[in-house]
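Worth knowing before you read on, the calculation uses all heavy atoms, side chains too, and leaves out hydrogens, waters and symmetry mates. Naming: A, B, ... by sequence-line order, numbering from 1 per chain.
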Number of protein chains: 2
Amino acid sequence: MKQYDHPLAQDLQLPCLLYALSDPFRLEVVRKLALCQPQPCAPLQDGRPKSSVSHHFSVLRKAGIIRTEVVGVTHMNSLRERELEERFPGVLRAIMAVAMAESAQG
Amino acid sequence: MKQYDHPLAQDLQLPCLLYALSDPFRLEVVRKLALCQPQPCAPLQDGRPKSSVSHHFSVLRKAGIIRTEVVGVTHMNSLRERELEERFPGVLRAIMAVAMAESAQG
DNA sequence: CCGTTAGTTCGAATATAATCGAACTAACGG
DNA sequence: CCGTTAGTTCGATTATATTCGAACTAACGG
């Protein structure tokens with residue numbers, strides 16, 4: 001049951017985090033994760049091919065935004081909220097608040 | 001003395017803003033503007049060719065992050081802080097706080 | 001051990017963005 | 001009106017991302 005590598009919080013880069021969140025699909029994944037954690041990739045696919053979804057999860061992982069744990073046959077994803085809050089105080093929180101508000105009205 | 005078009009605050013998109021700030025050079029421009037406003041492009045060039053600088057300023061303008069006013073022969077740039085704060089509460093503020101902290105230590 | 005499920009990796013195609021020099025423009029100073 | 005300054009626009013090149021299908025892998029269920 002091999003696991004993933006996750007960068008240390010101290011090594012995360014702000015531009016990299018912003019870049020990861022600048023894609024609408026990835027932002028939506030993060031928003032949905034904020035509402036329900038942890039969650040496998042599958043329910044977040046939104047009609048895309050698996051290889052594309054896998055790519056986007058990989059970008060989020062490398063940016064330090066999500067943590068993925070292999071549990072049996074599924075890969076459970078969650079936000080690294082505490083670490084991000086410590087490393088980049090207020091950033092994810094503010095972005096999520098806006099993303100939630102946007103999606104609430106449409 | 002023709003001026004620039006600036007998108008309305010209500011039309012700004014969060015992914016577009018995050019994308020604009022995800023480039024280290026642009027983030028640095030915004031950080032420096034936060035410290036001294038308004039400012040022309042030239043002192044923010046940091047050794048790059050003018051065409052490249054111009055491109056990055058254009059990205060920031062289209063994302064709604066900066067406003068550029070033509071004043072005589074120079075183009076004065078400032079942050080659209082109030083509008084951004086209203087449209088995306090806390091987002092720019094949090095990002096700037098982190099950017100300032102990063103640049104303080106190196 | 002076989003099939004299924006969940007997701008990754010590969011490789012090629014396409015799209016998007018960054019970079020730079022060169023030519024351009026608009027405003028001012030003399 | 002000429003030169004200078006500040007920045008834009010153009011066009012080509014290169015770099016970086018995204019996309020997708022196909023082949024792969026690891027774990028579980030029977």
Q: With both distances under 3.5 Å as the test, what is the Watson-Crick or G-U wobble partner of D/dA15?
A: C/dT16

Q: Whole-Å distance between D/dT8 P and B/Met76 CE?
A: 14 Å

Q: Please confirm whether the shortest side-chain N or O distance from B/Arg61 to OP1 or OP2 of D/dG7 is below 4.0 Å.
A: no

Q: Tell me, yes or no, whether the heavy-atom count around A/Asp5 atom CG, taken from other residues, nucleotides or ligands under 6.0 Å, exceeds 12.
A: no

Q: Any strand is fair game: report the nucleotide pairing with D/dT25 by Watson-Crick or G-U wobble, both distances under 3.5 Å, or none.
A: C/dA6

Q: Consider the side chain of B/His75, meaning its heavy atoms from C-beta on, and name the nucleotide among D/dG7, C/dG7, C/dC20 that approaches it most closely.
A: D/dG7

Q: Establish whether the base of D/dG21 is bridged to the side chain of A/Ser51 by a donor-acceptor pair shorter than 3.5 Å.
A: yes

Q: Under a 4.0 Å threshold between the charged nitrogen and the carboxylate oxygen, would B/Glu28 count as salt-bridged to B/Arg31?
A: yes

Q: Using whole Å, what does the distance between atom P of nucleotide C/dG7 and atom CD1 of A/Ile66 come to?
A: 11 Å

Q: Grab the CD-C1' distance between B/Gln3 and C/dT25 for me, whole Å please.
A: 15 Å

Q: Output the rounded distance in Å from CG (B/Leu18) to C1' (D/dA17).
A: 17 Å

Q: Any side-chain N or O of B/Arg48 less than 4.0 Å from the OP1 or OP2 oxygen of C/dT19?
A: yes

Q: Find the distance B/Phe57:CZ to D/dA6:P and express it as a whole number of Å.
A: 14 Å

Q: For A/Lys50 and for A/Val73, find the nucleotide of DNA chain D with the closest heavy atom, then tell me which residue's nucleotide is more 5'.
A: A/Lys50

Q: Decide, yes or no, whether a salt bridge links B/Glu81 with B/Arg67 under the criterion of side-chain N to carboxylate O below 4.0 Å.
A: no

Q: Please pick, from C/dA26, C/dT9, C/dA18, the nucleotide with the shortest atom-to-atom distance to any side-chain atom of B/Lys2.
A: C/dA26

Q: How close or far is atom C1' of C/dG11 from atom NE2 of A/His55, stated in whole angstroms?
A: 14 Å

Q: To the side chain of B/Tyr4, which of C/dA26, D/dG7, C/dA18 is closest?
A: D/dG7

Q: For A/His75 and A/Phe57, I'd like to know if the aromatic rings sit close, meaning centre-to-centre distance below 6.0 Å.
A: no

Q: Is the distance from OP1 or OP2 of D/dT19 to the nearest side-chain N or O of A/His56 less than 4.0 Å?
A: yes

Q: Give a yes or no on this: more than 12 heavy atoms of other residues, nucleotides or ligands lie within 6.0 Å of atom NZ of B/Lys32.
A: yes

Q: Nearest nucleotide by nearest heavy atom, which residue falls closer to the 5' end of DNA chain D, B/Val53 or A/Tyr19?
A: B/Val53

Q: Just how far is it from atom CG of B/Leu84 to atom CZ of B/Arg93, taken to the nearest 0.5 Å?
A: 11.5 Å

Q: Identify, between A/Pro43 and B/Val59, the residue whose nearest nucleotide on DNA chain C lies closer to the 5' end.
A: A/Pro43

Q: Report the nucleotide, chosen from D/dG21, D/dG7, C/dT9, that has the shortest atom-to-atom distance to any side-chain atom of A/Pro49.
A: D/dG21

Q: Using a cut-off of 4.0 Å on non-hydrogen atoms, how would the nucleic acid contact of A/Thr74 be classed: base, sugar-phosphate, or nothing?
A: sugar-phosphate

Q: Under 3.5 Å for both donor-acceptor distances, Watson-Crick or wobble: does C/dG30 have a partner, and if so which one?
A: D/dC1

Q: Would you say a side-chain N or O of A/Arg26 is under 4.0 Å from OP1 or OP2 of D/dT18?
A: yes

Q: Once you round it to whole Å, what is the distance between P of C/dA27 and CD of B/Glu69?
A: 15 Å

Q: Rounded to whole Å, please give me the gap between CG in A/Asp23 and P in C/dT16.
A: 12 Å

